[in-house]
Structure formats: structure tokens, C-alpha cells
Number of protein chains: 2
Amino acid sequence: MRRDVFQAIADPTRRAIIALIALQAMTPNALAEHFDTTRQAVSKHLRILTECELIKPEQQGREIYYTLEIEKMKEIDKWLEQFRKIWESRFNQLDNLLSKLKNKKS
Amino acid sequence: MRRDVFQAIADPTRRAIIALIALQAMTPNALAEHFDTTRQAVSKHLRILTECELIKPEQQGREIYYTLEIEKMKEIDKWLEQFRKIWESRFNQLDNLLSKLKNKKS
DNA sequence: TATATGCGCAACTATTTGGTTTCTCAAAAT
DNA sequence: ATTTTGAGAAACCAAATAGTTGCGCATATA
């Protein structure tokens with residue numbers, strides 16, 4: 001069973017869960033209220049997110065609060081790095097072009 | 001059929017294809033040589049990537065060169081933005097803490 | 001003109017996925 | 001002590017996915 005960050009964020013519900021938990025730790029029931037599904041479905045998503053260590057369960061009495069492991073999110077950022085280099089260099093090229101046009105005019 | 005950028009990058013082969021194409025436009029056959037699958041399998045991935053507009057086909061005789069639509073990659077970056085804010089603020093908190101410790105010493 | 005090549009498309013298969021329902025267990029509330 | 005509540009686990013199902021093989025259609029090459 002593949003289980004990595006990219007696979008985890010592929011599902012829109014899971015992305016929404018991550019966004020909610022980023023603001024504050026939440027229980028499965030509290031999360032489920034935000035979606036049009038059952039708690040069990042949310043629970044399954046939480047299991048997947050936990051397995052790839054994007055979130056962490058914290059037992060508190062009979063409730064379980066899930067918190068975001070923000071460090072793990074950086075893995076996505078790290079992968080994007082190689083492309084960021086490209087779009088930044090393209091921006092610079094455009095920038096250079098604009099300067100040249102400007103110089104021509106003046 | 002769900003078809004968005006996040007779903008597209010969920011597959012490791014597709015991520016590899018994107019990385020290869022980012023360096024230079026490539027044909028399906030050229031790409032397939034890099035993987036342990038058939039051209040048809042790669043072709044299917046290319047279709048998915050094309051559908052969500054991450055890549056663009058450019059016919060050249062009987063060959064089709066696929067180029068990366070780098071702009072689309074920014075969508076992922078945009079989504080990460082909300083979390084970047086969080087990890088940057090946490091970094092600042094750590095930064096502040098370190099300054100305080102430093103001040104205490106001196 | 002005949003053949004080879006590059007490629008997308010369709011049909012089929014096995015596996016994975018997202019969801020549901022049902023069950024059990026432990027912690028709170030009555 | 002009994003009932004309610006929060007939550008994970010298991011069994012099941014429909015849909016989606018990743019891959020395969022076989023096909024047809026162009027564009028090159030002989």
C-alpha cells in the first residue's frame with residue numbers, strides 16, 4: 001500500500017481536514033460536522049493521514065485530538081523547489097525583456 | 001472523474017515524468033525508456049497530465065513533444081501558502097526564543 | 001508504393017480507493 | 001450500575017486507477 005504525502009493530499013476531503021487541523025487540533029466528530037459524510041469516513045482519512053505522519057493523534061479522555069505535523073508539509077515544498085527555480089528564472093527572463101523594451105523607448 | 005493537479009502528482013511515475021519534462025520537452029517513447037513500463041502506460045499518464053493542463057502536447061511531424069506548463073505547478077505552491085505562513089511563524093517563535101535565551105546569558 | 005515507426009484509443013483485468021454499516025471498547029454522564 | 005457518547009476495526013460494495021494487449025491512423029523511410 002503506497003502511503004506518502006502526495007498520495008495523502010490527493011483527496012480533497014483530506015486537504016480540507018489538513019486545513020482545518022492546521023488552525024486548531026480537532027476530534028473526528030468535530031471534523032465530520034464540516035463534511036457531508038459519516039464520522040467513520042473521516043476516521044479512515046485520519047488513519048491515512050496519521051500513517052503518513054501528516055497528523056498526530058493526542059488522546060484526551062475519550063476524545064482524540066488530531067494535530068498537524070507541519071514539518072511533513074515541507075516535503076511538498078521541497079519537491080516544488082526544483083520547479084520554483086524554473087518559474088523564477090522565467091520571471092527573470094521576462095524581467096530582462098521588460099527592461100530592454102524600456103531602454104529602447106528611452 | 002476527478003482531475004486536478006493534486007490527483008495528478010499523487011502518482012510517483014507522473015511526478016517523475018513532470019520532472020523529466022521540466023528539463024526538456026520529450027516524446028512518449030523517450031519518456032517510456034526512463035521507466036520500467038510500456039509506452040502505452042506512459043501515454044495514459046500523459047493523457048491525465050494533459051487533461052489537468054500540467055503539460056501540453058506539441059505535434060512535430062509524427063512525434064509529439066510534451067512540454068511542462070509551469071504555471072499550473074504554482075497551484076500547488078498557492079495551496080501550500082497557508083501552511084508556509086504557519087511554519088514561518090513557528091520559526092519566528094523559535095527565533096524569538098533563541099534571542100531571549102541569548103539576552104539572558106549576556 | 002510498400003513498410004516501418006510514433007502515437008492515441010478501446011477493451012479488459014487486477015488492485016486500490018472512498019464510502020457504508022455493524023460491532024466492540026472505553027470513558028463520561030445519569 | 002446503567003446508559004450515552006467518542007472512536008477505532010472489520011466486512012462489504014461500487015467506483016476509480018494503473019496496467020496490459022491489440023488496434024488503427026498518420027507520418028516517415030525504403
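Chain letters run A, B, ... following the sequence lines, proteins first and then strands; every chain starts at 1.
- Of all the residues in residues 14-38 of chain A, A/T27, A/P28, A/N29 reach under 4.0 Å from DNA chain D with at least one non-hydrogen atom.
- For the pair B/H45 and B/I17, the tightest heavy-atom approach, listed with the atom from each and the gap, is CB-CD1, 3.8 Å.
- Which of C/dT22, C/dG8, C/dG18 sits closest to the side chain of A/I48 comes down to C/dG18.
- Considering every non-hydrogen atom in both B/L54 and B/L68, the closest pair reads O-CD1, 3.3 Å.
- Qualifying salt bridge (charged side-chain N to carboxylate O under 4.0 Å, His left out) partners for B/R62, counting only residues two or more places apart in sequence or in other chains: none.
- Dashed line: the shortest gap from a side-chain N or O of A/Y65 to OP1 or OP2 of D/dG6 is not under 4.0 Å.
- Applying the ring-ring contact (aromatic ring centres under 6.0 Å, His included) rule to pairs touching residues 54-75 of chain B yields nothing, sequence neighbours excluded.
- For B/I9 against B/R15, the heavy-atom pair with the smallest separation is O-NH1, 2.7 Å.
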Would you list the atom pairs, donor with acceptor, under 3.5 Å between side chains in residues 73-83 of chain A and any protein atom, with sequence neighbours excluded?
unit_1: A/K74; atom_1: NZ; unit_2: A/E71; atom_2: OE2; d: 3.1
unit_1: A/E75; atom_1: OE2; unit_2: A/K72; atom_2: NZ; d: 3.2
unit_1: A/D77; atom_1: OD1; unit_2: A/R84; atom_2: NH2; d: 3.0
unit_1: A/D77; atom_1: OD1; unit_2: B/R84; atom_2: NH2; d: 2.8
unit_1: A/E81; atom_1: OE1; unit_2: A/R84; atom_2: NH1; d: 2.7
unit_1: A/Q82; atom_1: NE2; unit_2: A/W79; atom_2: O; d: 3.1

Sub-3.5 Å pairs of nitrogen or oxygen atoms, protein against nucleotides 27-30 of chain D:
unit_1: D/dT27; atom_1: O3'; unit_2: B/R62; atom_2: N; d: 3.4
unit_1: D/dT27; atom_1: O2; unit_2: B/R62; atom_2: NH1; d: 3.0

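- Taking atom CD of A/E51 as the reference point, atom C1' of C/dG18 lies 14 Å away to the nearest angstrom.
- The phosphate of D/dG8 has OP1 or OP2 within less than 4.0 Å of a side-chain N or O from A/Y66.
- A donor-acceptor contact shorter than 3.5 Å is absent between the side chain of A/R3 and the backbone of A/I48.
- Nearest-nucleotide mapping onto DNA chain D: of B/K44 and A/I64, the residue sitting toward the 5' end is A/I64.
- Not a single donor-acceptor pair under 3.5 Å links the side chain of A/S43 to the backbone N or O of A/R39.
- OP1 or OP2 of C/dG19 lies within a sub-4.0 Å distance of a side-chain N or O belonging to A/H45.
- Closest to the side chain of A/Q7, from the set C/dG8, D/dT17, C/dT17, is C/dT17.
- Taking side-chain N and O atoms only, B/R47 has no distance below 4.0 Å to OP1 or OP2 of C/dA10.
- Applying the 4.0 Å criterion to OP1 and OP2 of C/dC23, one finds that A/Q40 has every side-chain N and O outside that range.
- Minimum interatomic distance between A/P28 and A/V42 (heavy atoms only, all atoms of both residues): O-CG1, 4.1 Å.
- Across B/G61 and B/Q59, no two heavy atoms sit closer than the pair O-NE2, 3.2 Å.
- Looking at which nucleotide of DNA chain C each of A/V42 and A/R39 is closest to, the 5′-most match is held by A/V42.
- Considering only side-chain N and O atoms, A/S43 lies nowhere under 4.0 angstrom from the phosphate OP1 or OP2 of D/dA7.
- Taking the C1' atoms of five terminal pairs at each end of the helix from C/dT1-D/dA30 to C/dT30-D/dA1, the two resulting helix axes are inclined by 10°, rounded to 10°.
- Side-chain atoms of A/R14 come within 3.5 Å of backbone N or O of A/A8 as a donor-acceptor pair.
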